Amino acid sequence: MGADHARVLAEEVPGAVVRVVCDAAADRARAVADAVGAADVEADGVAAIARADVDAVLVASPDPTHAPLTVAAVEAGKPVLCEKPLAPTAAEGRPVLEAEAKAGRRLVSLGFMRRFDPGYRAMKAALTEGRIGPAAMLHCLHRNVAAPPGFTGPMAITNSAPHEFDIARWLLDTDVAAISAFQPRLPTADGRAGGGPVAGPVVLVLETAAGPLVTVEVNTDAAYGYDVRGELVGRDGSVELAAPTDLRLNAGLSAATPFPADWRPRFAEAYRRQDIAWVRSIESGSPADGIASAWDGWQAARVAEAGVRALAEGRRVALDAEPPPALYA
Ligand SMILES: NC(=O)c1ccc[n+]([C@@H]2O[C@H](COP(=O)([O-])OP(=O)(O)OC[C@H]3O[C@@H](n4cnc5c(N)ncnc54)[C@H](O)[C@@H]3O)[C@@H](O)[C@H]2O)c1
């Protein structure tokens with residue numbers, strides 16, 4: 001993901017220059033730096049953030065490193081675009097809120113790039129323009145070809161589902177009030193019935209403070225392709241995402257629309273628009289319209305944490321209302 005952001009910033013964002021590429025693996029940093037024409041590489045994130053020739057920071061390292069590196073950027077007074085999630089747990093994300101409160105200004109943007117996807121933007125416009133009446137339900141599907149080794153059901157909730165938590169909050173303009181989590185029982189690899197998956201699909205039901213219900217399927221081992229779907233159902237109609245596609249293949253007595261292998265082609269336009277908006281906001285000094293904040297990241301982390309508990313304990317977990325501090329209101 002970091003390599004893709006580096007390419008977008010270098011090639012598609014006017015005014016942005018990638019100065020330093022940091023990766024704990026030196027060969028990866030060098031390969032990306034060479035590909036985007038960056039002047040230098042670093043192995044240590046905090047050292048990269050502190051450099052005098054670095055004005056702003058994009059964090060796309062593994063999930064548990066997001067909050068510490070984002071705090072380092074805030075303490076250095078540098079704008080930071082942090083990839084989702086803000087943190088695997090709400091407690092790990094809280095220092096980011098505290099650092100911004102101490103700085104007294106918003107320096108953090110969260111990489112919930114779906115807010116910049118033309119499909120989700122059109123869906124939100126259909127709702128706010130009253131074309132489907134008041135929202136009743138949002139149905140979300142998130143499918144990957146195959147999860148990385150060691151990926152678990154709880155990780156599907158803390159790593160993948162935050163996209164859905166955030167898009168639900170953004171589309172419906174409300175917070176999540178309760179979450180329930182379920183997993184189907186599948187045959188084990190050796191064919192025994194009812195073993196239950198390790199990663200497997202996770203199905204979540206979110207109850208929102210404003211009333212609409214949200215269903216989420218996260219299936220990180222869907223095998224057939226990268227597939228994200230969404231349907232917002234209102235009192236008077238519904239609006240569905242139409243996945244962008246370049247072609248339909250007609251052959252062998254059937255018509256087929258190919259799926260991408262991962263998220264990059266599906267959300268290329270969203271990443272591009274998000275990264276452009278982020279850099280423009282640094283120039284203007286005010287947050288980009290619609291970009292997610294540290295507070296949005298923290299809310300998603302709270303919901304994820306409650307979802308993990310709901311799955312482990314097999315029960316509905318309610319979330320207390322947490323009004324945003326003045327910095328984010
Ligand atoms: N917004 C999206 O749609 C989207 C899509 C994919 C991934 N992501 C997020 O991007 C992040 C990276 O995901 P990925 O798929 O590229 O993972 P990855 O494992 O392919 O890459 C992570 C890189 O970080 C490096 N690294 C590890 N620890 C580090 C540290 N402390 N400092 C600097 N570098 C370190 C690793 O060497 C590796 O090159 C994850 O947090 C993931 O949630 C977001």
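Keep in mind that what you see is a predicted model, and the values were worked out from it rather than measured. In each ligand, atom 1 is the first atom listed, and ligand 1 is the first ligand listed. Residues: numbered from 1 along the sequence shown.
Closest to atom 23 (C) of ligand 1, if we only count protein heavy atoms, is Asp23 OD2, 3.6 Å. The closest protein non-hydrogen atom to atom 9 (C) of ligand 1 is Lys84 O, 3.7 Å. Protein heavy atom at the shortest distance from atom 44 (C) of ligand 1 is Glu83 OE1, 3.1 Å.
Side chain of Gln183 to main chain of Gly153: no donor-acceptor pair is present (N/O by atom type, distance under 3.5 Å, no hydrogens or angles). Using modelled atom types, no side-chain atom of Asp34 and backbone atom of Ala31 make a donor-acceptor pair closer than 3.5 Å. Not a single donor-acceptor pair under 3.5 Å links the side chain of Glu164 to the backbone N or O of Cys140. Checked by atom type and distance alone, the side chain of His66 pairs as donor or acceptor with a backbone atom of Ser61 at under 3.5 Å.
For His163, the heavy-atom gap to ligand 1 drops under 4.0 angstrom. Residue-ligand proximity: His66 is placed with a non-hydrogen atom under 4.0 Å from ligand 1. The closest approach between any non-hydrogen atom of Phe112 and ligand 1 is not below 4.0 Å.
Across the listed options Asn159, Val21, Asp63, Asp63 owns the non-hydrogen atom lying nearest to atom 40 (C) of ligand 1. One option in Met1, Arg28, His5 has a heavy atom closer to atom 20 (O) of ligand 1 than any other, and that option is Arg28. Evaluated by nearest non-hydrogen atom to atom 27 (C) of ligand 1, the leading choice among Ala60, Pro62, Ala29, Ala48 is Pro62.
The two atoms that bring Val317 and Arg309 nearest to each other are CG1-NH1, 3.6 Å, heavy atoms only.
In the vicinity of Gly111, heavy-atom distances shorter than 4.0 Å reach the ligand 1 atoms 1 (N). For ligand 1 and Met113, the ligand atoms under 4.0 Å from any heavy atom of the residue are 1 (N), 3 (O).
Within the 4.0 Å heavy-atom criterion, neither part of Asp44 lies near ligand 1. Contact annotation for Thr65 and ligand 1: only side-chain heavy atoms (C-beta onward) come within less than 4.0 Å of the ligand. Heavy atoms of Tyr271 found under 4.0 angstrom from ligand 1 belong exclusively to the side chain.
Atom CD1 of Ile282 sits about 12.0 Å away from atom NZ of Lys78, to the nearest 0.5 Å. The structure places CD of Gln274 at 5.0 Å from CG of Leu81, a figure rounded to the nearest 0.5 Å.
The distance criterion of under 3.5 Å between nitrogen or oxygen atoms is met by Ala24 with respect to ligand 1. Ligand 1 has a nitrogen or oxygen under 3.5 angstrom from a nitrogen or oxygen of Ser61. Remark: ligand 1 and Trp263 share no N or O pair separated by less than 3.5 Å (distance only, no angle test).
A perpendicular orientation is assigned to the rings of Phe259 and Tyr224, their planes being inclined by more than 60° (bins at 30° and 60°). Classified by interplanar angle (parallel below 30°, tilted 30° to 60°, perpendicular above 60°), the ring pair His5/Tyr271 is perpendicular.
When the side chains of ILVMFWY residues are joined at heavy-atom separations under 4.5 Å, either directly or via intervening members, Val96 and Leu327 end up in a single hydrophobic cluster.
Remark: Arg115 is not positioned above the aromatic ring of Tyr120, lacking an NZ or CZ atom under 6.0 angstrom from the ring centre and at most 45 degrees off the axis.
Protein non-hydrogen atoms do not reach within 4.0 Å of atom 17 (O) of ligand 1.
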